[in-house]
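Since the structure comes first, as structure tokens, the remarks are kept for the end.
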Amino acid sequence: MLNLKEEIKHIVRNILLDKFGIEVNPTIEVSPKPEFGDFSSNLSSLLPGECKLSFDEFANTILSDLIERKEIFKKVLRKDSFINFFLNDVFLFRQLKDVIKEGKKYGSSKKGKGIKVLVEFVSANPTGPLNIVSARAAAVGDVLVKLLNFSGYKADAEYYINDAGRQIEMLGISAEKRFEELHGEEIEIPEDGYKGDYIKDCISKFVDDEKVNSMDEEARIDFFKEYVKDEIVRQQRSSLERFGVRFKKWISEKAILEKFSIQDVVDYLRSRGDVYEKDGAVWFSTAKYGDDKDRVLIKQDGTHTYVVSDASYHKDKFERGYKHLIDVWGPDHHGHVMRVKAAVVAFGNNPQNLEIIIVQQVVLVSRGKKEKMSKRAGRFITLDSLLDTVDRDAVRFFFLMRRINAHLDFDVELAKTLSLENPVYYTQYCHARTVNIFNFAQEKRINLTDEPNLSLLTEPQEREIAKFILLFPEVVKLASERRDVHRIPYYLLELSKIFHSYYQKVRIVTDDVPMTLARLFLVKAVQQVIKNGLTLIGVSAPEKM
RNA sequence: GCGCCUGUAGCUCAAUGGAUAGAGCGUCGGACUUCGAAUCCGCAGGUUGCGCGUUCGAAUCGCGCCAGGCGCGCCA
């Protein structure tokens, strides 16, 4: 039994099936208050429409059966339209042994049945350093992968490099301008060029390079766009690794375009009747798949649009055996959802297997004023500079605490205080504290045993902690199913809170050895769950702070 | 104008359609001769943007407003 709520649900469902021959999916929830027991269920949600019994008779029938389950329930009461379940203490504490036995697997499940999932995230254009918007996406994507794997899926992280198209061309031109500038010329970077200083730093080593200097301008642009792009990708990768985010694969748009010829893609779509020509361009009828208008595949000038690469890329993902795709995008791309789905359908895949998660934006706030970040203008906070001032664990925790679709105001001043006031330390301290307790116990020559007398744990807080520990699998389940990464940090903070409070009130290591052993066992379980939770969100669990 | 997201305590944010909407920070007041005070205990703080509806029950679902953000390119 690893998920209490699921277990109670199972019991209630079986009773309903036995007594009334009906299938229902009971809603079981954690009771909001102690007097309502540990869990509760609403009778109205159980009562089937066709049931002939009165509400009271129905309730009493269920209750009488539940009360029989004394090995699990201490009490089962009805209060208005709620059933309140009070768990048997012996049963409750005994579950802790399974927690310890499961160890770092506690909270995991096999729900995903090994289904292959691809999570693509960040995928920022290789035209500049990663900013804090990407940092948020990186934290979220990374944790989604971890959550899915913990839940029995086989999830991989992937980064798509947009290394084809006009933006790279502009990058080359911007670099060339900087090159001229380094030679003392007056320059002006084009309106849609990249103005950040990072480009200058990147190419400064070529100022006296004979080969580069002997090239004509066009050749130099070609050289720089490749060189700078590769250099930026390298920097992005190292920033992400510094942030603790690793990708299974960095896949290049150019490679995708080589694998699937543009002509083949267009021809295939044409054969389905999804392509037409208008105004000298080739169009894809995405509107008939739900897009608000059709999209251009091949422009008047004969070059392709990103719609072609996006279509090919998603086709490729499915062809590599992934059954479910998750794309993590910024809000500025939400308008692309339907066109990519259209492509997925056109290539014979189920659009439901493409899930697009929009991580809401990070708005820069400076002295109370909102400021739009712009990579072209060179106005943004980079991930690297953030990591220079704030501990990586604190950054991750900060971004993960928010609901994915909540907007986030990022105050420049906040970054400085983040390292001091971040709630992550509250949880990490809780972990360090448990470690310290074991160190102290060891000095007193008391070591954890497998079979402590857990019936000695009679403090209300001990019961509260045990129960909360047992909720962890359900929290993981919700976080992973609903892509609610923030549930993990919130859970950890709550567990830390009740543990800190308990620690303050109750002394763990005393001369009473049996009691000490029982309490150490509880502490061990707390430590394990905190560690598992922190690991899930990619935050360290320090033994000392 | 159309589409997506958001609106909850002074601030930053939680809340599986359920019971009296909760935390943290901040303010104020307390607690270390005992396992680490990066901790704990207490006080105060609300018409969940507004209205109507669905429901036994709405912060949550639907519709209409209001406010903010982001999109609406033969750029990505």
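The chains referred to below are lettered A, B, ... by the order of the sequence lines, with proteins before strands, and numbering in each begins at 1.
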Of C75(B), C40(B), A19(B), the nucleotide closest to the side chain of Gln167(A) is C75(B)

Between Leu408(A) and Tyr502(A), which is nearer to the 5' end of RNA chain B once each is assigned its nearest nucleotide?
Leu408(A)

Minimum-distance nucleotide (side-chain atoms of Tyr490(A) versus A19(B), C13(B), C41(B))
C13(B)

Tell me whether the side-chain N/O atoms of His486(A) come closer than 4.0 Å to OP1 or OP2 in A15(B).
yes

Which nucleotide sits closest to the side chain of Glu421(A): U39(B), A38(B), C25(B)?
C25(B)

Distance check, C1' atoms only: A23(B) and C35(B), in whole angstrom units.
28 Å

If I pick the P atom on U47(B) and the same atom on U6(B), what distance separates them, to the nearest angstrom?
23 Å

The residue, Lys544(A) or Arg295(A), whose nearest nucleotide of RNA chain B is more 5′ is Lys544(A)

If the C1' atom of G53(B) is compared with that of U16(B), how far apart are they to the nearest Å?
24 Å

Looking at Asn84(A) and A19(B), is any side-chain donor or acceptor paired with a base atom of the opposite kind under 3.5 Å?
yes

If you count heavy atoms of other groups shown closer than 6.0 angstrom to NZ of Lys259(A), is the number above 12?
yes

Using a cut-off of strictly less than 4.0 Å, decide whether Asn42(A) has a side-chain nitrogen or oxygen near OP1 or OP2 of G57(B).
no

Respond yes when some side-chain nitrogen or oxygen of Arg166(A) is under 4.0 Å from OP1 or OP2 of C74(B), and no when none is.
no

Could you work out which one of C35(B), U20(B), C74(B) sits closest to the side chain of Lys33(A)?
U20(B)

Within the structure, does a side-chain N or O atom of Tyr429(A) lie under 4.0 Å from either OP1 or OP2 of A38(B)?
yes

Between U39(B) and G26(B), how many Å separate the two P atoms, rounded to a whole number?
10 Å

Side-chain contact check for Ile508(A): nearest option of A19(B), C35(B), A37(B) is C35(B)

Which nucleotide, in any strand shown, forms a Watson-Crick or G-U wobble pair with C4(B), with both distances under 3.5 Å?
G69(B)

Which part of the nucleic acid, if any, lies within contact of Pro32(A), taking any heavy atom under 4.0 Å across all strands shown: a base, the sugar-phosphate backbone alone, or nothing?
base

Centroid distance below 5.5 Å plus an interplanar angle below 30 degrees: do Phe82(A) and G18(B) meet both conditions?
no

For the side chain of Gln504(A), counting heavy atoms from C-beta on, which of A19(B), U39(B), U20(B) is nearest?
U39(B)

Taking only N and O in the side chain of Arg403(A), is any of them less than 4.0 Å away from OP1 or OP2 of C13(B)?
no

Pairwise P distance, A67(B) and C50(B) [rounded to whole Å]:
15 Å

Does His500(A) get its side chain close enough to the base of C40(B), under 3.5 Å, for a donor-acceptor pair?
no

For G51(B) versus A15(B), give the span between their C1' atoms, rounded off to a whole number of Å.
24 Å

Which is true for Tyr503(A) with a 4.0 Å heavy-atom rule: it touches a base, it touches only sugar-phosphate, or it touches nothing?
base

Mind checking Gln300(A) for me? I need base, sugar-phosphate or nothing, with any heavy atom below 4.0 Å counting as a touch.
base

Does Lys278(A) count as lying over the ring of Tyr276(A), i.e. NZ or CZ under 6.0 Å from the six-ring centre, within 45 degrees of the axis?
no

Do Lys341(A)'s NZ or CZ and the ring of Tyr289(A) fall within the cation-pi criteria of under 6.0 Å and 45°?
no

Rounded distance in Å between the C1' positions of U60(B) and A14(B)
13 Å

C74(B), U16(B), A38(B): which one has an atom nearest the side-chain heavy atoms of Tyr425(A)?
A38(B)

If I take atom OH in residue Tyr194(A) and atom P in nucleotide C75(B), what distance separates them, rounded to the nearest angstrom?
13 Å

With a 4.0 Å cutoff (strictly under), does any side-chain N or O of Arg507(A) reach OP1 or OP2 of U34(B)?
no

Go through the N and O atoms of the side chain of His334(A) and the base of G3(B), and report whether any donor-acceptor pair is under 3.5 Å.
yes

Regarding Arg402(A) and the six-membered ring of Phe398(A), is the cationic atom NZ or CZ under 6.0 Å from the ring centre and inside 45° of its axis?
yes

Rounded at 0.5 Å granularity, tell me how far OH in Tyr160(A) sits from CG in Asn125(A).
10.0 Å

Counting only Watson-Crick pairs (N1-N3 plus N6-O4 or O6-N4) and G-U wobbles (N1-O2, O6-N3), all under 3.5 Å, who is the partner of U54(B)?
none

Verify, without hydrogens or angle tests, whether Thr286(A) (side chain) and Lys293(A) (backbone) share a donor-acceptor contact under 3.5 angstrom.
yes

Nearest-0.5 Å distance, CZ of residue Phe440(A) to CZ of residue Arg433(A)
13.5 Å

With a cut-off of less than 4.0 Å, is there a side-chain N or O of Lys5(A) near OP1 or OP2 of U16(B)?
no

Taking atom P in both G30(B) and U12(B), compute the distance separating them and give it to the nearest angstrom.
30 Å

Here the distance between atom C1' of A15(B) and atom CD of Glu494(A), to the nearest Å, is 12 Å

Check whether any side-chain N or O of Lys299(A) sits under 4.0 Å from OP1 or OP2 of C75(B), and answer yes or no.
yes

With rounding to the nearest 0.5 Å, note down the distance linking OG in Ser312(A) to CD1 in Ile256(A).
7.0 Å

Verify the contact: side-chain N or O of Ser40(A) to OP1 or OP2 of A19(B), cut-off strictly under 4.0 Å; return yes or no.
no

Paired with C25(B): which nucleotide, if any, by Watson-Crick or G-U wobble criteria at under 3.5 Å for both distances?
G10(B)

Check this for me, if you would: do Glu355(A) and Arg483(A) make a salt bridge, where the nitrogen-to-carboxylate-oxygen distance has to be below 4.0 angstrom?
yes

Looking for any heavy atom pair under 4.0 Å, which part of the strands does Leu478(A) touch: base, sugar-phosphate only, or nothing?
nothing

Categorize Val475(A) for me: base, sugar-phosphate, or nothing, with a 4.0 angstrom heavy-atom threshold over every strand shown.
nothing

Does the cation-pi check pass for Arg295(A) over Trp283(A), that is, NZ or CZ under 6.0 Å from the six-membered ring centre and within 45° of its axis?
no

Among the nucleotides C70(B), A19(B), U6(B), which one has an atom lying closest to any side-chain atom of Asn405(A)?
U6(B)

Base, sugar-phosphate, or nothing for Val337(A), non-hydrogen atoms under 4.0 angstrom?
nothing

Can you tell me if Lys505(A) touches the phosphate of U39(B), counting only side-chain N or O atoms and a distance under 4.0 Å to OP1 or OP2?
no

Side chain of Gln360(A) - closest among U16(B), C5(B), A14(B)
C5(B)

Evaluate whether the aromatic ring of Tyr426(A) and the six-membered ring of the A38(B) base sit under 5.5 Å apart, centre to centre, with an inclination under 30°.
no

At 4.0 Å (heavy atoms only), tell me whether Asp80(A) reaches a base, stays on the sugar-phosphate, or touches nothing.
nothing

Interatomic distance where CD belongs to Gln527(A) and C1' belongs to C35(B) [whole Å]
14 Å

